[in-house]
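Reading through the structure tokens given below for one structure.
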Amino acid sequence: MTARGAAQLSCRTGQKRQRVLDADRESPRGRAQTPSPGEPCLGPPATLGPRRSIYFSGPKRHSAQLGSDFFDQPAVALARAFLGQVLVRRLDDGTELRGRIVETEAYLGPEDEAAHSRGGRQTPRNRGMFMKPGTLYVYIIYGMYFCLNVSSQGDGACVLLRALEPLGGLEIMRQLRSTLRKGTTGRALKDRELCSGPSKLCQALAIDKSFDQRDLAEDRAVWLERSPPGPSEPAVVAAARVGIGHAGEWAQKPLRFYLRGSPWVSVVDRAAEQNA
DNA sequence: CGTATGATGGCCT
DNA sequence: GGCCATCATACGA
């Protein structure tokens, strides 16, 4: 019994830490595919009568949540469109964690040698890549970390979320991030260490495998909000993707995008920034 | 600041 | 059995 007493309840189980938050699995996963995205609130012929109002409590999307249309664009366009938008995670106790997306990577599908869907291979793990735009693809990497992707338009194409600028709930994020670390170093993480990497942001937002194949346009525990109009359009840097040493020529293509000058980006590519 | 290295286990061949 | 879309730490400049 050391000084770790405070975080005791969650770190006790070691690797199964994120289990604490599993309870907020509120996604209507099975329901998502039943009624098509057709907007029922535009101009219903009312042939079904007024009683249908009782169904309005159904999906229950968050008001500011970006809908399916946003995600229905090619991977590169979506990867760029993500920049500046705000990812929100609602924990089961109601706490909302927020982060502005500052870095993404596009994975183009079967022809992309660096993608899990290369050659058109579809497996139980990467099924989310082939599902409708906006579907999450969460996988485990190196046996202990998660990566969060969002399916885009295009078969087997998706966007990897690599870094956030933390906007709200930073202390909870810090707690979630340090709880998992084995070192028990006790040292407090700097703000820049919270979400500056694909697996760091998953830890900070308590996103694990249970989020795989959820719909970012409909889920109640995680969603995307359009960023408020800023003073000026931020410059976007296109650089090579990270961590794909193999994949030959595909490893060089500028399919990673990040906000120039942002201190929240995981890997800065000075050479790529020269080209502009 | 930089590079080097071990951890660690699901998934695919 | 080998590969990893990573991270934290250790150590050198």
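Just so it is clear, the values below take in all heavy atoms, side chains as well, and ignore hydrogens, waters and symmetry mates.
- Of the candidates C:dA5, C:dC7, C:dT9, C:dA5 carries the atom nearest the A:Tyr139 side chain, counting heavy atoms from C-beta on.
- Two residues are said to be in side-chain contact when any heavy atoms from C-beta on lie closer than 4.5 Å; A:Leu164 and A:Val102 fail this criterion.
- For the pair A:Arg177 and C:dA8, the criterion of a side-chain N or O lying under 4.0 Å from OP1 or OP2 is met.
- Every stem involving DNA chain C, taken as at least 3 paired positions in a row under the Watson-Crick or G-U wobble test at 3.5 Å, is listed here: B:1-7 with C:6-12, B:9-12 with C:1-4.
- Between A:Arg256 atom CZ and C:dT6 atom P there is a gap of 11 Å when expressed in whole angstrom units.
- Proximity of A:Val236 to A:Leu259: side-chain heavy atoms (C-beta onward) are separated by under 4.5 Å at one or more points.
- Placement of A:Val242 and A:Val150 in two distinct hydrophobic clusters is found when ILVMFWY residues are connected by side-chain heavy-atom separations under 4.5 Å, directly or transitively.
- In this structure, NZ of A:Lys190 is placed 16 Å from P of C:dC7, rounded to the nearest angstrom.
- Rounded to an integer number of Å, the gap from CD of A:Glu193 to C1' of C:dA8 is 9 Å.
- Atom CG of A:Asn149 is separated from atom C1' of C:dT6 by 14 Å (rounded to the nearest Å).
- Atom OH in A:Tyr137 sits about 11 Å away from atom C1' in C:dC4, given to the nearest Å.
- A side chain to side chain donor-acceptor pair (under 3.5 Å) check over residues 158-173 of chain A, counting only residues at least two apart or in different chains, returns the pairs A:Arg100-A:Glu165, A:Glu103-A:Arg162, A:Arg162-A:Ser266, A:Glu171-A:Arg174.
- Residues A:Val265 and A:Val237 form no side-chain contact, since every pair of their non-hydrogen atoms from C-beta on lies 4.5 Å or further apart.
- In this structure, OH of A:Tyr145 is placed 12 Å from P of B:dA7, rounded to the nearest angstrom.
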Give me, pair by pair, the N or O atoms of the protein and of nucleotides 11-13 of chain B that are less than 3.5 Å apart, along with how far apart they are.
residue, atom, partner, partner atom, Å
B:dC12, OP1, A:Thr123, OG1, 2.2
B:dT13, OP1, A:Arg121, NH1, 3.3

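- Remark: the A:Tyr142 side chain and the B:dA7 base include no donor-acceptor N/O pair separated by less than 3.5 Å.
- Atom CG of A:Leu201 and atom CZ of A:Arg177 lie 9.5 Å apart (nearest 0.5 Å).
- The shortest distance between side-chain heavy atoms of A:Asp191 and A:Trp264 falls below 4.5 Å.
- Taking CZ of A:Arg220 as the start and CZ of A:Arg214 as the end, the distance is 10.5 Å to the nearest 0.5 Å.
- Computed from coordinates, the A:Arg241 CZ to C:dT6 C1' distance equals 17 Å when rounded to whole Å.
- Taking atom CD of residue A:Glu105 and atom C1' of nucleotide C:dT6, one finds them 12 Å apart after rounding to whole Å.
- Using bins of under 30°, 30° to 60° and over 60° for the plane-to-plane angle, the ring pair A:His116/A:Tyr139 lands in the perpendicular bin.
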